[in-house]
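Note that the structure is predicted; figures quoted are calculated from it, not measured.
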Amino acid sequence: TVRPMQDGRSSAPASEAEQKDEREREQAKRREEKARLADLRGGMVRELRNIEGYYLQAGQKRARLRYVEGMLVFGIVAIAIVAVLTGAILDIFGLLDLESAGVRRFYACMTAGALGAIVSVLTRMGGSRGGFTIDHELGSFGVMLLGSFRPLIGAVSGVILSFLVQTDLVPIDKGAVSLEFYVVVAFLAGFSERWTQVILEGAMRTIDKPDDMSDDAAGKAAGNPENA
């Protein structure tokens, strides 16, 4: 009669041990499932990042091609139209003389400025530092339209700086300056927006100096008791 009681007492700890092992196995399975899900999630994130990088890179390449197409097609056409309209306006006022040095210099600087802008963009695109980026989400037409303005900006910058060099704001010997000098200045104006901005800011400071000097002179005259 005692033996069955001993068997019953010994079976209870055995069942508890089995339940404990089963719980540990379930916890191990959960940990493995979580680790597998984490690896799967990490792989999906990396894959999505690779896809996003490829999308951005492909978009940049496509946008650059459209930008260059806008410069070389629409930009050059726009420059030609502006040149024709400018000639028509000069002809209306009786100033169109193709043999005149001033007219030749004007059109040469316009062309040099546009070429400088185009060379600047192509140089930045070909650089290894990636200094030229475009928002490819503008669409093909938007990027091409944006590119068509670049030669126009270069042409205007070249003409403006060529006019500036002919004034007294730039202290150079005007008689020793040749057409090649104006062409180089116009090309640099279209090539580097920063250089053009520096030159224009220097001219603005030169224009403001006489006013400042006159104000200082007036202040000194007012403070001098001999002038009273």
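- Side-chain contact, Gln197 with Glu193: no donor N or O sits under 3.5 Å from an acceptor N or O.
- Note that CE of Met44 and CG of Asp39 are 13.0 Å apart. Values are rounded to the nearest 0.5 Å.
- Remark: the backbone N or O of Ser192 is paired with a side-chain donor or acceptor of Thr196 at under 3.5 angstrom.
- The heavy-atom pair separating Leu179 from Ala108 by the smallest distance is CD1-CB, 4.3 Å.
- Note that the CZ atom of Arg62 and the CD atom of Gln60 stand 10.0 Å from one another [nearest 0.5 Å].
- In the hydrophobic clustering of ILVMFWY residues, with side-chain heavy atoms under 4.5 Å counting as a link, Phe181 and Trp195 come out together.
- Closest approach of Ala117 to Pro151, counting heavy atoms only: CB-CA, 4.3 Å.
- Applying side chain to side chain contact (heavy atoms under 4.5 Å, CB included) to Val82 and the options Thr86, Leu85, Val84 leaves one that passes, Thr86.
- Within 6.0 Å of the CG atom in Asn50, the count of heavy atoms belonging to other residues, nucleotides or ligands exceeds 12.
- Ile81 is not listed as a side-chain neighbour of Ile79, based on a closest heavy-atom distance of 4.5 Å or more.
- For the pair Ser148 (side chain) and Leu145 (backbone), a donor-acceptor distance under 3.5 Å is present.
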Criterion salt bridge (charged side-chain N to carboxylate O under 4.0 Å, His left out) on Glu69 and Arg66, from CA distance to verdict: CA-CA 5 Å; Glu69 185 177 353; Arg66 293 292 180 265; 3.7 Å; yes

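- No donor-acceptor distance shorter than 3.5 angstrom exists from the side chain of Asp91 to the backbone of Gly87, with no hydrogens or angles considered.
- Ile160 meets the side-chain contact (heavy atoms from CB on, under 4.5 Å) test with Val156, Leu200; sequence neighbours excluded.
- The cluster map of Ile, Leu, Val, Met, Phe, Trp and Tyr, joined by side-chain heavy atoms under 4.5 Å apart, puts Val165 and Ile207 in the same cluster.
- To the nearest 0.5 Å, the span separating CE on Met144 from CZ on Phe74 amounts to 4.0 Å.
- If you chain together hydrophobic residues whose side chains sit under 4.5 Å apart, Leu72 and Met125 fall into the same group.
- Once rounded to the nearest 0.5 Å, the distance linking CG of Asp97 with CG of Leu90 reads 10.5 Å.
- By the neighbour-count criterion of 12 heavy atoms within 6.0 Å, atom OH of Tyr107 is densely surrounded, having more than that number from other residues, nucleotides or ligands.
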side-chain contact (heavy atoms from CB on, under 4.5 Å) for Val121 and Arg150? Distances and angles first, verdict last. CA-CA 9 Å; Val121 172; Arg150 189 66 186 89; 3.8 Å; yes

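- One N or O on the side chain of Thr123 and one on the backbone of Val119 form a donor-acceptor pair closer than 3.5 Å.
- Taking each heavy atom of Ala63 and Ile134 in turn, the nearest pair found is O-CD1, 3.8 Å.
- Neither Val170 nor Val159 shares a network with the other; the hydrophobic side chains, linked directly or stepwise wherever heavy atoms of I, L, V, M, F, W or Y lie under 4.5 Å apart, form separate groups for each.
- Leu169 and Leu161 fall within a single hydrophobic cluster, where Ile, Leu, Val, Met, Phe, Trp and Tyr side chains are chained together by heavy-atom contacts under 4.5 Å.
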How far apart are the C-alpha atoms of Glu33 and Arg30, what are their side-chain angles, what is the distance that settles it, and do they pass the salt bridge (charged side-chain N to carboxylate O under 4.0 Å, His left out) test? CA-CA 5 Å; Glu33 186 69 19; Arg30 292 194 189 98; over 6 Å; no

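- Between the SG atom in Cys109 and the CZ atom in Phe163 there is a gap of 8.0 Å [rounded to 0.5 Å].
- We find the CG-CE distance between Leu152 and Met71 to be 12.0 Å, quoted to the nearest 0.5 Å.
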